[in-house]
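Submitted below is the structure of interest, expressed as C-alpha cells.
Chain naming here is simple, since letters A, B, ... match the order of the sequence lines and numbering starts at 1 in each.
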Amino acid sequence: MMSMNSKQPHFAMHPTLPEHKYPSLHSSSEAIRRACLPTPPLQSNLFASLDETLLARAEALAAVDIAVSQGKSHPFKPDATYHTMNSVPCTSTSTYVYKRQHIFRAFAERFKQRRIKLGVTQADVGSALANLKIPGVGSLSQSTICRFESLTLSHNNMIALKPILQAWLEEAEGAQREKMNKPELFNGGEKKRKRTSIAAPEKRSLEAYFAVQPRPSSEKIAAIAEKLDLKKNVVRVWFCNQRQKQKRMKFSATY
DNA sequence: ATGCATGAGTA
DNA sequence: ACTCATGCATA
C-alpha cells in the first residue's frame, strides 16, 4: 500500500526545507501559492532579465548553499544553463550563489520601495502578517523585516519569508487600490528584558579569541569569562552569535 | 540598524 | 551543547 502518499498536491519548491521549521513553504494557502507563482516584472532594468523560473531553480538548490556555508563539499555541478547577469555561463558554485544573491536583492529592494509607497513601517508589516491568516504564519518583529530588506538573514530564512512578504504586499496594494477598509493590513500591535552591554576592550579581546578559536570548549569559555570578568553565559552566547554573523557575512561580504 | 538573548530542534 | 530563526532593547 501507500507506495505513494496521496497527500496534498504540493507546489512546494523547497523539498529540502523541513516543514516544522518552514511551515509557510508547505502551506496550501492560496496567498502563498500565488506568491510562489510568477512575479510582476522588476522595476530595475538591471534585473529585468531575471525571471521567476530562475528564482525557483535557485531556491530549489538551497541545500547547496547550506552545504557551502558550512564549508562542506556539495553535489552541485556547474551548469551552463545558469547565467550570470552578464550572460556568462555559470561555471562555479560561487558564480551561482552570486546570481541568487542578486535575485533576492532585487526582490528586497522592490519590496522596500513598495512598502514605503504604502506608507507602512517595518513594524507594521511584521504585525500585519498575522492578519493574512496563512496557516503557520504569525506575526514577525520589526527586526526581522528590517533584516529581510537588508538581506542580513540566512539564505533559508530569505527563501521562507519571501513568499509571505510578497503575499502581504499584494494584499495590501490590492486593498489600497480598491480603497478597501482593511486597517488590519496596515497596523501594528503591541509589544519587554534588560540588555547586557559588553565594553569595547572586552569585545576586542573576544574577537581576538574568536579569530584563533571560534568554537572554544566549555572550559575555555569559563577561562575567558573569568579573565574578562563577564558571565560565562554571556561569553557563550557571544560566540554563538558571532558564528551566526560570520556565516551570513561569508555570503553578503563576498559580492 | 544591530547587539545580546531565548527557545525549539538536533546530534 | 550546538544551530537557527527570531525578538526585545537600545544606539
>> Distance check needed: dT6(C) P versus Gln244(A) CD, whole Å only.
In response: 11 Å
>> Is there a side-chain contact between Leu230(A) and Ile224(A) in this structure, where contact means two heavy atoms from C-beta onward sitting under 4.5 Å apart?
In response: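 Result no, sub-4.5 Å side-chain heavy-atom pair not found.
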> Can you check whether Asn157(A) has a side-chain N or O nearer than 4.0 Å to OP1 or OP2 of dT6(C)?
Replying inline: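 The answer is yes; a side-chain N or O of Asn157(A) sits under 4.0 Å from OP1 or OP2.
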> Atom CG of Leu129(A) and atom C1' of dT6(C): how far apart are they, to the nearest Å?
Replying inline: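 Whole-Å distance recorded here is 13 Å.
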> Using a cut-off of 4.0 Å on non-hydrogen atoms, how would the nucleic acid contact of Gln122(A) be classed: base, sugar-phosphate, or nothing?
Replying inline: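 Sugar-phosphate contact only - Gln122(A) comes under 4.0 Å of backbone atoms but never of a base.
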> More 5' along DNA chain C: Lys194(A) or Ile221(A), using each one's nearest nucleotide?
Replying inline: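 Checking each residue's closest nucleotide, the 5'-ward one belongs to Ile221(A).
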>> Please report the interatomic distance CZ(Phe148(A)) to CE(Met158(A)), rounded to the nearest 0.5 Å.
In response: 4.0 Å
> Near DNA chain B, which residues from residues 222-240 of chain A have a heavy atom under 4.0 Å away?
Replying inline: Val234(A), Val237(A), Trp238(A)
> Where the side chain of Leu161(A) is defined as all heavy atoms beyond and including C-beta, which of dT6(C), dA9(C), dA5(C) is the nearest nucleotide?
Replying inline: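 Shortest atom-to-atom distance from the side chain points to dT6(C).
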> Where do Leu132(A) and Glu171(A) come nearest, in terms of heavy atoms and distance?
Replying inline: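 Looking at all heavy atoms of both residues, the closest pair is CD2-CG, 3.6 Å.
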>> Between Ser218(A) and Asn241(A), which residue's closest nucleotide on DNA chain C lies nearer the 5′ terminus?
In response: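 Nearest nucleotide further toward 5': that of Ser218(A).
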>> As a quick check of understanding, evaluate side-chain contact (heavy atoms from CB on, under 4.5 Å) for Arg115(A) and Lys112(A), giving each step before the final call.
In response: CA-CA 5 Å; Arg115(A) 169 179 68 74; Lys112(A) 183 168 187 171; 3.9 Å; yes
> Does a side-chain N or O from Ser154(A) land closer than 4.0 Å to OP1 or OP2 of dA5(C), or not?
Replying inline: yes
>> Taking only side-chain N and O atoms of Arg215(A), does any of them lie within less than 4.0 angstrom of OP1 or OP2 on dC2(C)?
In response: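 No, no such contact exists.
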>> In whole Å, I'd like the distance from the CD1 atom of Ile145(A) to the C1' atom of dT2(B).
In response: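 In whole Å, dT2(B) C1' and Ile145(A) CD1 are 16 Å from each other.
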> In whole angstroms, how far is the C1' atom of dT2(B) from the CG atom of Leu151(A)?
Replying inline: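 Going from CG in Leu151(A) over to C1' in dT2(B) covers 15 Å.
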>> For a 4.5 angstrom cut-off between non-hydrogen side-chain atoms, does Thr144(A) reach Leu161(A)?
In response: yes
>> Does Thr152(A) contact dT2(B) through a side-chain donor or acceptor facing the base, at a distance under 3.5 Å?
In response: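 Counting by modelled atom types and ignoring angles, no donor-acceptor contact under 3.5 Å is found here.
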>> Just to be sure I understand the geometry, which residues of residues 195-206 of chain A put a non-hydrogen atom under 4.0 Å away from DNA chain B?
In response: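 Within residues 195-206 of chain A, the residues near DNA chain B are Arg195(A), Thr196(A), Ile198(A), Lys203(A).
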>> Mind checking if Ser217(A) touches a base, just sugar-phosphate, or nothing, with heavy atoms under 4.0 Å?
In response: nothing
> Under 4.0 Å between a side-chain N/O of Lys247(A) and OP1 or OP2 of dC4(C), yes or no?
Replying inline: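 Looking at the OP1 and OP2 atoms of dC4(C), one of them is under 4.0 Å from a side-chain N or O of Lys247(A).
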> Can you name the nearest heavy-atom pair linking Ala130(A) to Ser139(A), along with the distance?
Replying inline: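 Shortest heavy-atom separation between Ala130(A) and Ser139(A) comes out as CB-N, 3.8 Å.
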> For the pair made of NZ in Lys245(A) and C1' in dC4(C), what is the distance, rounded to whole Å?
Replying inline: 17 Å
>> Please report the distance, rounded to the nearest Å, between CZ in Phe148(A) and P in dA1(B).
In response: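 Nearest whole value for this atom pair: 14 Å.
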>> I'd like to know if the side chain of Ser218(A) pairs up with that of Lys232(A) as donor and acceptor (distance under 3.5 Å, no hydrogens or angles considered).
In response: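 Yes, Lys232(A) and Ser218(A) have a side-chain donor paired with an acceptor closer than 3.5 Å.
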>> Whole angstroms only, please: what is the CD-P distance between Glu149(A) and dA1(B)?
In response: 7 Å
> Is Thr144(A) near enough to dG7(C) that one of its side-chain N or O atoms lies under 4.0 angstrom from OP1 or OP2?
Replying inline: yes
>> Tell me the closest heavy-atom pair linking Trp168(A) and Leu129(A), and the distance in Å.
In response: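 The answer is CB-CD2, 3.7 Å.
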> Can you tell if the side chain of Lys220(A) reaches within under 4.5 Å of the side chain of Gln213(A), non-hydrogen atoms only?
Replying inline: no
> Atom CZ of Arg147(A) and atom C1' of dC4(C): how far apart are they, to the nearest Å?
Replying inline: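 Atom CZ in Arg147(A) sits about 12 Å away from atom C1' in dC4(C).
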>> Would you say that Phe111(A) contacts Gln166(A) through its side chain, given a criterion of any heavy-atom pair below 4.5 Å between the two side chains?
In response: no
